[in-house]
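A note on names: the letters A, B, ... follow the listed sequences, proteins ahead of strands, and every chain is numbered from 1. Just so it is clear, the values below take in all heavy atoms, side chains as well, and ignore hydrogens, waters and symmetry mates.
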Number of protein chains: 2
Amino acid sequence: MKKRDPIKKVRLLDVARVAGVSPGVVSQVLGKGRSNSRASAQTAARILKVARELNFSPDPSARRLRGARSNLYGVLVASAGDPLVSFLVEHLDIEAMKGGCHTLICNTIGNTALAPDQFDYHVRELLHQGVDGVFCAVHEWFGGNRRELVRLHPNTVFYDDPGIPGTCHVSIDREAAGRLAVRHLFERGCKRIGIALRGLSRPKQAARLKGYRAEMSACGLGTDNALVFNGEDFRSAIPVCDERGERWDFPCVIGIRVVDALVRDGGADGIVAPDDFWASVIIRQLRARGIRVPGDVAVVGYLNHYLSDWIDPPLTTIGRCPDEAARRMVRMMEQMVKAGPLPEGERAVLIQPKLIVRQSA
Amino acid sequence: MKKRDPIKKVRLLDVARVAGVSPGVVSQVLGKGRSNSRASAQTAARILKVARELNFSPDPSARRLRGARSNLYGVLVASAGDPLVSFLVEHLDIEAMKGGCHTLICNTIGNTALAPDQFDYHVRELLHQGVDGVFCAVHEWFGGNRRELVRLHPNTVFYDDPGIPGTCHVSIDREAAGRLAVRHLFERGCKRIGIALRGLSRPKQAARLKGYRAEMSACGLGTDNALVFNGEDFRSAIPVCDERGERWDFPCVIGIRVVDALVRDGGADGIVAPDDFWASVIIRQLRARGIRVPGDVAVVGYLNHYLSDWIDPPLTTIGRCPDEAARRMVRMMEQMVKAGPLPEGERAVLIQPKLIVRQSA
DNA sequence: CTGAAAGCGCTTACAG
DNA sequence: CTGAAAGCGCTTACAG
């Protein structure tokens, strides 16, 4: 049971020997994007040819030891398996790869054998690994010292504003999400459009309400408090949804409360749901009462979660465009890695969400 | 717009200086799991103390240059966002982390700007990065030269048998999955249990059928060809589902064909579906015909996909235990990294799937 | 039990 | 335009 022979690597020295030049020249020619200030065009061409023939690629460890960047980015997520973040994780990698970089995934929860939360551990570990920067998409309700993250990794880009002044972040325009949903329902002929919110004390939910109100006015529908459902008013009736587990018992009672308040009492013919999960239980409850979707009441979700395709009827929802978010996050990162801190005004990027029409509205 | 000052790192040399010993001793003491064959117990203790106080952690690049392992594993997946693989990706990282290792995610599709398929590119890139091994969970229907992968990375562990002799792989016991589903339906009182299969020409589907038949006999239900639906018999009627896109149009006609064949013609009161997607469209079709689930016909899925919780009624299904699979994959990997190739008999691991009861059966 | 030195593969001043 | 040399931070024979 002996170890295998490692595959022999071709070194820069080998290229130099074959090309008949010194290592320094090879390094210069292959390095800095061909600014051949050193070798003659002829020599450079020869070196390039030999390097290609020998299939040479410089050892990243040796380069890093000399101070080169690692071309590695850390990705902090609570749980990479969660479909709500997994597409962001995927697209961060795809975008990083376009710049020749790789992503190192770090799940901050899940390793309960070690500790309930590995955020801070990973922050130090990534520093040790010498990453060029860190993407942080750990939702605010999870632990972790974000100030320390930013201190140790100045090149950090957050998904969603962490509330720390001066940080770089990419967020979804929740106000626009509210407007898009209302506009679509209005165009589908809805006259009394209600909105359900998890809790108005949260800034993101408040932004959605703001967008909802603005678009209601723009559509000439005015506003009616009977059409605004605030989950916090029912706190005692609605168990807390911790959203941390791989599977969890979603409080289906939400569907009952929302349909009671908005449809039975408020007479709504359209509902803007706070997310696809709520939309899903709302639709189930409507069906249970013999109310047709979208015939009697149309429902628009938010997230474009994987499940949107599979509930019945398939859910019309607002997508957050994780590919676009990843693109912007990587772009910010690359700017920081190359040129240092971004100007104040360029540290916050707002992504425009997108309406995805299926059948529920 | 100038670059930031990098955070000053503490080197082994600093530790040596403070502790008043030479670097070699420090290296020896901090290195090999405290087999202090070099320093006296006193010196060792002093060095350890200083190292801790200075918060020293050795530069991985320098170590690697001297031949140490990278503590990095590559993870090849078609698309890390896909919920079918994202949990495996997450648990591979969690398990690797327990051994002090990190995972480097590689999406083999998605970067169409580069090429339709980046499998082979990533295989070379991971070699270049010097990973200690590679986990490959790219589904068989995607491209990529797996033989070359195994040649360049002898330490490769596959999720599902790639059909290359001698490789290490962890698979789900599909026969057991078939048995579990039948047993549960039988215990719920079903008398005529049908099975739907995507296509019998696929070995994994054939294994499920084998398990189904075995358990039907064990339950004393015998077998009836009218209760076996083979998707390949309806190839012309069922459009190909490519499963590659983030969203795709699932052929809902499958639901019609399956319900026609198994329920209308076969008189089934229980259905074993090939996966949760099929189960979902089958249930939708049953409802459309006024057939109650699970009252009239019970349905069991396979995968325990995220959507299982959200369809109506929530789906009873067979889970593949991605955490267990990841645990075994990492264990195999660690053995190979430490001691070289595994004995012939230990290269294939079968994971026992698990019945997850919700409401559809 | 401990130190001085060589070297992993690369890059980058410094000479010529 | 090119070469020889030093050095990044560590480990590991080789001396003492």
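Within the cation-pi definition used here (under 6.0 Å to the ring centroid, within 45° of the axis), R146(B) qualifies as a partner of F119(B).
R63(B) has a side-chain polar atom (N or O) that falls below the 4.0 Å cut-off from OP1 or OP2 of dT11(D). Phosphate proximity of dT2(C) to T43(B): present, with a side-chain N or O under 4.0 Å from OP1 or OP2.
Regarding L12(B), its CG atom lies at a distance of 14 Å from the P atom of dA4(C), rounded to whole Å. Between the CG atom of L30(B) and the P atom of dC10(D) there is a distance of 10 Å, rounded to whole Å. The distance from atom NZ of K9(A) to atom P of dG9(C) is 9 Å, rounded to the nearest whole Å. The nearest whole Å value for the distance from the CG atom in L13(B) to the P atom in dA5(C) is 14 Å. As a whole-Å value, the separation of R17(B) CZ from dT2(C) P is 19 Å. Taking atom CG on D59(A) and atom P on dC10(D), their separation rounds to 16 Å, with Å as the unit. Protein atom CZ of R64(B) is 13 Å distant from nucleotide atom C1' of dC10(C), rounded to whole Å. For Q28(A) and dA13(C), the CD to C1' distance is 11 Å, given to the nearest whole Å.
Exactly one residue among V131(A), L152(A), L149(A), V75(A) makes a side-chain contact (heavy atoms from CB on, under 4.5 Å) with L126(A). That residue is V131(A).
Under 3.5 Å, the side chains of S70(B) and D132(B) contain a donor-acceptor pair of N or O atoms. D93(A) and T103(A) are linked by a side-chain donor-acceptor pair at a separation below 3.5 angstrom, with hydrogens and angles left out of the test. N145(B) and R147(B) form no side-chain donor-acceptor contact under 3.5 Å, judged by distance and modelled atom types alone.
Among the heavy atoms of the strands lying under 4.0 Å from R66(A) is at least one base atom, whether or not backbone atoms are also near.
Remark: E148(B) engages R151(B) in a salt bridge, criterion side-chain N to carboxylate O under 4.0 Å. In summary, E324(B) and R327(B) engage in a salt bridge, as defined by a charged side-chain N under 4.0 Å from a carboxylate O.
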ask   = Under a 3.5 Å cutoff on both atom distances, Watson-Crick or G-U, what's the dot-bracket for DNA chain D ([ ] crossing, | other strand)?
value = |||.||||||||.|||
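Both V21(B) and R11(A) lie close to DNA chain C; mapped to their nearest nucleotides by heavy-atom distance, the more 5′-ward contact belongs to V21(B).
Across dC10(C), dG9(D), dG3(C), the shortest atom-to-atom separation from the side chain of L65(A) is found for dG9(D).
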